[in-house]
Protein chains: 2
Amino acid sequence: MRKSKAETARTRNRIVETASDALRRNGISGTSLHELMSEAGMTHGGFYRHFDSKEQLIAEACSRGCDALLDTIRAAGSRSPDACPAGTSPGLAAIADTFLTPEYRDEDAACCPFVSFGSELARADAATRHAATEGMRRAIGLLEQEFHDGDMARMRAIAVFAALIGGGTLARIVDDPAFSDEILQAAKMLICRISRDATEGG
Amino acid sequence: MRKSKAETARTRNRIVETASDALRRNGISGTSLHELMSEAGMTHGGFYRHFDSKEQLIAEACSRGCDALLDTIRAAGSRSPDACPAGTSPGLAAIADTFLTPEYRDEDAACCPFVSFGSELARADAATRHAATEGMRRAIGLLEQEFHDGDMARMRAIAVFAALIGGGTLARIVDDPAFSDEILQAAKMLICRISRDATEGG
DNA sequence: CCATTTAGATGATGATCGTCATCATAAATT
DNA sequence: AATTTATGATGACGATCATCATCTAAATGG
């Protein structure tokens, strides 16, 4: 049942894409190759025609998940925010609005890798950690643009990213919806505050 | 080989304590009962004399890990900080100094549960999530005290906690030490900024 | 002091895991 | 057209997992 070169490449791509989704739904150790491959429409046997190991796939899927995150940040940044306190950058407010809402929190698959399996990434193999590091660099780079080369733009971008990931992670843990919403609000407020600091030169 | 009541209680306690450490080192799915019990100085067989399931132990160990976190926060809050920018609460600066240092980041076992297995907690069973939620409530309550009933004390305490967890999680992922240190610095700066806002009524 | 209960060791259970050998088949190459 | 190559299915491998049955010896309760 050999497939054409083009179709083989498409299959490989489909596995990575499927893994990227599955990881964000179930985490690294919660994702098995069996489940993964059948989700991609195949049996488990073909896996090693495309990858050397599960770890190699995880690294690639992590990178792919970061790409998706970047796209979401870009799309969010160019939207008009639900609410934008005076002095806050509209782009940052819109990004906070996108990632720190109950709807985004309750989504399983569209979630960002760092929220979905961030604590597992700290224990992952070198290649995966590297993919995550580079993804994080790019994400922070995007946020940095929102500060228009201002003073401490990079520092502030990192702070915003930490608030996004911290708030998102905690909100997903909490089993009390009101408390969880409070966390989202606090993180959103924090990000707007950082943005205001930048425009006011605080 | 039956043991006395007191010793049985001590054994059970030792298992929970061991699990609390193991969880913070290896995460939830990275911790097996085999490994756990032998770490506690026993074979795996005796486990079910003390617990109904692995999940039940995880929930208790999570609660215990939160207790340890609370103790660390309390101890940190009453220390004098390495550096304390003008207007920043010394307690908050000291807490940031404790949790956002390279030394704390590089420790395996003493780490806080939300950093160590926060993303796994979001997918854990109801009892574990509840234990985590209550632990988080208490941690935020402690931080809230640092704001002395000021305006939005609770909101700010949540923001500080999100910055701690977000910063700590990201710093542990990154494989570039300089970048990781940068993340710790940014999160620390953020927390000092929140503290200053409170004293200045910003 | 005897009968009962039980903590913890040993070892088996079935399920699931990552990985690999084999095979049929169809694309690629000659 | 003949030969080689490689995809993906089938199924097995050994390891590991949570859980449980059984056995022991010691603590408990009468």
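In what follows, chains are A, B, ... by sequence order, proteins preceding strands, each numbered from 1.
Between A:Tyr48 and the phosphate of C:dT19, there is a side-chain N or O to OP1/OP2 separation shorter than 4.0 Å. Between D:dG29 and B:Lys5, a contact under 4.0 Å exists linking OP1 or OP2 to a side-chain N or O. The shortest distance between the side-chain N/O atoms of A:His34 and the OP1/OP2 oxygens of C:dA15 is not below 4.0 Å. Distances shown here put a side-chain N or O of A:Lys54 below 4.0 Å from the OP1 or OP2 atom of C:dG18. Note on B:Thr11: every side-chain N or O is 4.0 Å or more away from OP1 and OP2 of C:dA7.
For A:Ser4 and A:Ser53, each mapped to the nucleotide of DNA chain C holding its nearest heavy atom, the one lying further toward the 5' end belongs to A:Ser53. Map B:Glu55 and B:Arg49 each onto its nearest nucleotide of DNA chain D; the residue landing nearer the 5' end is B:Glu55. The 5' end of DNA chain D is approached more closely, in terms of each residue's nearest nucleotide, by A:Gly41 than by the other of B:Asp52 and A:Gly41.
Remark: P of C:dT6 and NE2 of B:His50 are 13 Å apart, rounded to the nearest angstrom. The distance between atom CE of A:Met37 and atom P of C:dG18, rounded to the nearest whole Å, is 12 Å. Protein atom CG of A:Asn26 is 11 Å distant from nucleotide atom P of C:dC17, rounded to whole Å. Look at CD on A:Glu35: it is 7 Å from P on C:dC17, rounded to the nearest Å. Rounded to whole Å, the distance from CZ on B:Phe47 to C1' on C:dT10 is 18 Å. Rounded to whole Å, the distance from CG on A:Leu36 to C1' on C:dT19 is 15 Å. Rounding to whole angstrom units, CD of residue B:Glu7 and C1' of D:dT28 are separated by 15 Å. Between B:Leu33 atom CG and C:dG11 atom P there is a gap of 19 Å when expressed in whole angstrom units.
Across all strands shown, A:Thr31 has heavy atoms under 4.0 Å from sugar-phosphate atoms exclusively, and none from any base. Among the atoms of the strands shown, only primed sugar atoms or phosphate atoms (P, OP1, OP2) are found under 4.0 Å from some heavy atom of B:Ser32.
B:Arg14 and B:Thr18 share no side-chain donor-acceptor pair at under 3.5 Å.
Taking OG1 of A:Thr72 as the start and CZ of A:Arg74 as the end, the distance is 9.5 Å to the nearest 0.5 Å.
Between the side chain of B:Arg2 and the base of C:dA7, no donor-acceptor pair of N or O atoms lies under 3.5 Å. With hydrogens and angles ignored, a donor-acceptor pair closer than 3.5 Å exists between the side chain of A:His44 and the base of D:dG11.
Considering only heavy atoms from C-beta on, A:Phe117 stays 4.5 Å or farther from A:Ile58 through its side chain. B:Tyr104 places a side-chain heavy atom less than 4.5 Å from the side chain of B:Cys112.
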Using the side chain to side chain donor-acceptor pair (under 3.5 Å) rule, take B:Ser116 and A:Ser119 through it: C-alpha gap first, then chi angles, then the decisive distance, then the call. CA-CA 6 Å; B:Ser116 198; A:Ser119 37; over 6 Å; no
